[in-house]
Amino acid sequence: MEQILSFISTHREMIYFIILAVFVGVEVIGHVPSVLHTPLMSGANAIHGVVVVGAIIVMLDTDASNYISLTLGTVAVILGTLNVVGGFVVTDRMLDMFKKK
Amino acid sequence: MIQYILEIAYLIASITFIIGLKMMSNPKKARQGNLIAAVGMTIAIIGTIFLYSKEGLTSRDNIKMILIFGGIAAGTIIGWLTAKKVQMTKMPELVSMFNGMGGACAALIGLMEFHHSVGQTSTMITVLAGMIIGSVSFSGSIIAYLKLNGAMAKPIRLPKYNIINTIVMFALFAFAAFVVASGTDSSTLLYLLFAAALFYGILFVIPIGGADMPVVISLLNSFTGLAAAFGGFLYDNKVMLTGGILVGSAGTLLTIVMCKAMNRSLFSVIFGSFGSTAAAADGADVAGSIKDISTTDVAVLMNYSKRVVIVPGYGLAVAQAQHIIHELELLLEERGVEVKYAIHPVAGRMPGHMNVLLAESNVDYGKMVEMDEINSEFEQTDVVLVVGANDVVNPAAKTDPSSPIYGMPILDVEKAKHIIVNKRSMSAGYAGIENLLFYNPKTSMFFGDAKKALTALVAELKTM
């Protein structure tokens with residue numbers, strides 16, 4: 001019990017942050033017309049590619065002689081980048097079609 | 001000093017994500033919004049590469065930098081080419097594939113960070129949570145991809161799959177809790193847990209029917225967001241947190257919106273009964289006969305109408321008939337016929353998918369009318385042309401409580417004066433159920449491949 005309380009206490013700013021971000025997410029999405037749901041899903045998909053930042057951090061913090069970590073890290077960077085670039089590019093392609101008219 | 005600059009870079013990136021998503025609510029600004037978010041992402045990535053540092057750990061050896069830039073280059077090239085080349089009809093597959101990549105990235109981070117977290121309970125929980133959610137999202141997305149792709153069309157249901165899935169889920173939690181509680185640093189246990197999470201992802205998606213797939217993709221999308229957010233929590237990294245949570249909460253909301261459109265609860269999608277009980281329910285009251293109509297008759301009927309509403313479905317896109325339907329629309333408008341498109345919220349394979357497919361062939365989005373709005377207009381409509389749609393116009397959703405789609409809001413095409421249904425054959429729709437609309441006395445069946453039939457129709461109209 002005390003562990004949980006101290007965890008909440010040490011991370012309280014983070015917890016506030018998370019709660020507010022959840023509401024921002026709902027608020028921002030709440031007004032999107034259904035016409036744009038597919039590009040929205042794909043755009044959101046690109047944004048969670050931000051996980052690639054984590055992959056880069058792992059790479060930077062890992063020991064340069066730890067080949068297993070370097071390999072896994074490189075694969076993670078490739079996959080994360082794929083998620084980011086592919087997501088944004090395909091969303092752009094979709095939205096470009098809406099813009100023509 | 002450098003640390004502060006990085007924090008500011010992350011702050012800017014976080015703001016661009018929020019603004020970007022916000023701008024996507026307006027068709028005119030949406031593209032700009034997407035670009036803004038992309039710029040923010042670039043700032044966050046470049047900032048991390050050059051400015052991130054953790055005392056005693058971070059180093060920028062040549063080999064690491066080469067691998068990071070090499071990885072980014074490879075990911076960019078593959079992602080860019082795939083995104084540029086993919087057909088718009090394949091969009092749901094692509095989104096689930098990219099989503100799986102993000103999930104895999106989160107899972108790999110978890111695998112690598114595990115050994116650093118030994119001895120700190122809360123850190124280990126964060127690491128394993130990100131790893132498990134990422135893995136489930138990855139394997140689930142791959143299965144979703146295969147299902148959408150047609151490689152795995154039929155839902156595969158083990159006997160009592162609900163119970164098995166629930167047991168596996170709890171076993172996975174228990175296993176993870178055991179690993180955390182034991183404080184072990186065993187790689188074997190870690191990889192076993194990883195394998196178990198992947199296995200659960202497969203079990204989770206495999207019994208779900210094709211019609212529910214968009215909901216699943218949207219749900220997995222928010223899972224990956226959550227996995228990214230756990231990464232943010234782990235590194236105390238605000239941009240990962242903002243991005244991850246935004247997508248997590250937005251994805252969850254989108255999932256709920258989709259479920260509502262189909263009048264299905266999320267629970268029934270995951271533990272659902274689609275297909276398994278359907279076979280017994282229908283077939284009982286299919287009475288009456290169907291009526292054929294020739295191309296000339298359709299042309300005459302439309303030519304002398306005042307108002308025509310087109311109901312497009314995924315079949316239209318499969319037949320690649322988006323362009324010809326736009327040509328039909330322009331031709332009719334030229335002759336003073338008012339033409340609108342009635343878009344059901346789940347038309348296509350994802351919500352809003354049909355809008356994208358039509359926009360691709362230059363249809364004005366002002367002409368795409370949402371269900372609630374168009375439903376009141378059907379009474380004043382002379383001709384409804386249903387192309388490649390089936391379940392979204394099935395009256396069983398209103399009248400037959402035993403139908404699996406009972407309760408789903410539908411387009412009230414029956415109120416129109418004439419209904420013309422273009423279909424290749426009399427086979428049932430995506431949900432696999434009989435459609436009584438086809439037996440309605442006002443309905444005429446215009447058989448043929450959508451593209452060929454519409455091309456013939458346009459040619460016929462031009463001679464009038």
Side-chain angles (χ1 to χ4, degrees), chain A residues 7 18 21-22 24-26 28-29 31-32 34-45 47-61 64 69-70 72-92 94-101, chain B residues 17 21-22 24-25 27 30-31 34 38 41 44 48-49 52 54 57-58 61 63-64 67-68 71-72 74-76 78-80 82-83 95 98-99 101-102 104-106 108-109 112 122 221 224-225 228 231 235 240 242-243 245-247 249-250 253 345 350-353 355-356 359-360 364:
Chain A
F7 178 83
I18 290 170
V22 167
V24 170
V26 171
V28 161
I29 297 306
H31 305 290
V32 175
S34 68
V35 190
L36 289 174
H37 275 173
T38 290
L40 173 77
M41 204 202 263
S42 154
N45 187 27
I47 288 176
H48 70 46
V50 73
V51 71
V52 72
V53 166
I56 295 169
I57 292 178
V58 176
M59 288 285 278
L60 291 175
D61 282 353
S69 273
L70 285 184
L72 289 179
T74 308
V75 174
V77 171
I78 295 175
L79 295 178
T81 313
L82 230 160
N83 186 183
V84 170
V85 175
F88 280 124
V89 171
V90 88
T91 311
D92 186 64
M94 271 191 262
L95 292 171
D96 184 35
M97 290 163 190
F98 283 91
K99 228 183 150 193
K100 268 187 233 155
K101 285 277 163 164
Chain B
F17 292 168
L21 275 179
K22 181 80 200 162
M24 285 202 195
S25 61
R31 193 179 180 200
N34 183 54
M41 186 68 80
T48 309
I49 296 175
Y52 170 83
K54 188 172 175 186
L57 272 178
T58 309
D61 312 63
I63 173 127
K64 286 191 198 171
L67 287 175
I68 290 174
I72 289 178
T76 304
I78 303 168
W80 191 288
T82 324
V95 171
F98 285 151
N99 184 49
M101 300 298 110
C105 181
L108 289 174
I109 293 173
M112 284 179 281
S122 62
N221 202 17
T224 310
Y235 298 121
M240 285 175 79
T242 332
I245 294 170
L246 272 182
V247 177
S249 67
L253 184 71
M350 287 179 15
H353 190 197
N355 306 76
V356 174
E360 189 188 14
D364 183 354

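The figures here come from the full heavy-atom set of this structure, side chains too, leaving out hydrogens, waters and symmetry mates. Throughout, protein chains are lettered first and strands after them, A, B, ... in sequence-line order, and every chain is numbered starting at 1.
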message = Under the criterion side chain to side chain contact (heavy atoms under 4.5 Å, CB included), I'd like the reasoning laid out for Leu60(A) against Leu57(B): C-alpha separation, chi angles, the key distance, then a yes or no.
response = CA-CA 8 Å; Leu60(A) 291 175; Leu57(B) 272 178; over 6 Å; no
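Using a 4.5 Å cut-off between heavy atoms, Leu246(B) touches chain A through backbone and side chain atoms alike. Only the side chain of Met41(B) comes within less than 4.5 Å of a heavy atom in chain A; its backbone stays farther off. Contact annotation for Leu253(B): only side-chain heavy atoms (C-beta onward) come within less than 4.5 Å of a heavy atom of chain A. Only the side chain of Asp61(B) comes within contact range of chain A, with at least one heavy atom under 4.5 Å from a heavy atom of that chain. Only the side chain of Val84(A) comes within less than 4.5 Å of a heavy atom of chain B; its backbone N, CA, C and O stay farther away. Looking at Leu67(B), the atoms closer than 4.5 Å to chain A (heavy atoms on both sides) sit in the backbone and in the side chain alike. Phe17(B) touches chain A through backbone and side chain together, each having a heavy atom under 4.5 Å away.
Distance check, rounded to the nearest 0.5 Å: CG of Asn83(A) to CE of Met101(B) gives 8.5 Å. Taking CE from Met94(A) and CZ from Arg31(B), the interatomic distance works out to 12.5 Å, rounded to the nearest 0.5 Å. One finds the OG atom of Ser249(B) at 7.5 Å from the CD1 atom of Ile29(A) (value rounded to the nearest 0.5 Å). Here Ile72(B) contributes atom CD1 and Thr81(A) contributes atom OG1; the two are 5.0 Å apart, rounded to the nearest 0.5 Å. Between Ile49(B) atom CD1 and Ile56(A) atom CD1 the span is 4.5 Å, to the nearest 0.5 Å.
With respect to chain A, the highest number of heavy-atom pairs below 4.5 Å among Ala83(B), Ala44(B), Ala106(B), Ala250(B) belongs to Ala83(B). Between chain A and the residues Asn99(B), Thr82(B), Leu108(B), the most heavy-atom pairs under 4.5 angstrom are made by Asn99(B). When each of Gly231(B), Ala104(B), Ser122(B) is scored by its heavy-atom pairs under 4.5 Å with chain A, the top score falls to Ser122(B). Contacts with chain B were tallied for Val22(A), Ile57(A), Thr74(A); Ile57(A) has the most, counting heavy-atom pairs under 4.5 Å. When Val77(A), Leu70(A), Val58(A) are compared by the number of non-hydrogen pairs under 4.5 Å with chain B, Val58(A) comes out ahead.
The two residues Ile109(B) and Gly54(A) have their closest heavy-atom pair at CD1-C, 3.6 Å. What you find for Val50(A) and Met240(B) is that their closest heavy atoms are O-CG, 3.7 Å. Here the closest heavy-atom approach between residue Gly79(B) and residue Val85(A) is recorded as C-CG1, 4.4 Å. Heavy atoms only, all atoms of each residue included: Val95(B) and Ser42(A) are closest at CG2-CB, 3.9 Å. Looking at every heavy atom in both residues, Lys64(B) comes nearest to Met59(A) through CD-O, 3.1 Å. In plain terms, the two heavy atoms of Ala76(A) and Cys105(B) that are nearest each other are O-SG, 3.2 Å.
Among pairs with a residue in residues 50-61 of chain A, those fulfilling side chain to side chain donor-acceptor pair (under 3.5 Å) read Asp61(A)-Tyr52(B), Asp61(A)-Thr58(B), at least two apart in sequence or across chains.
Judged purely by atom type and a 3.5 angstrom limit, Asn34(B) has no side-chain atom pairing as donor or acceptor with the backbone of Thr91(A). Side-chain N or O atoms of Asn221(B) include none that pairs as donor or acceptor with a backbone N or O of Ala44(A) at under 3.5 Å.
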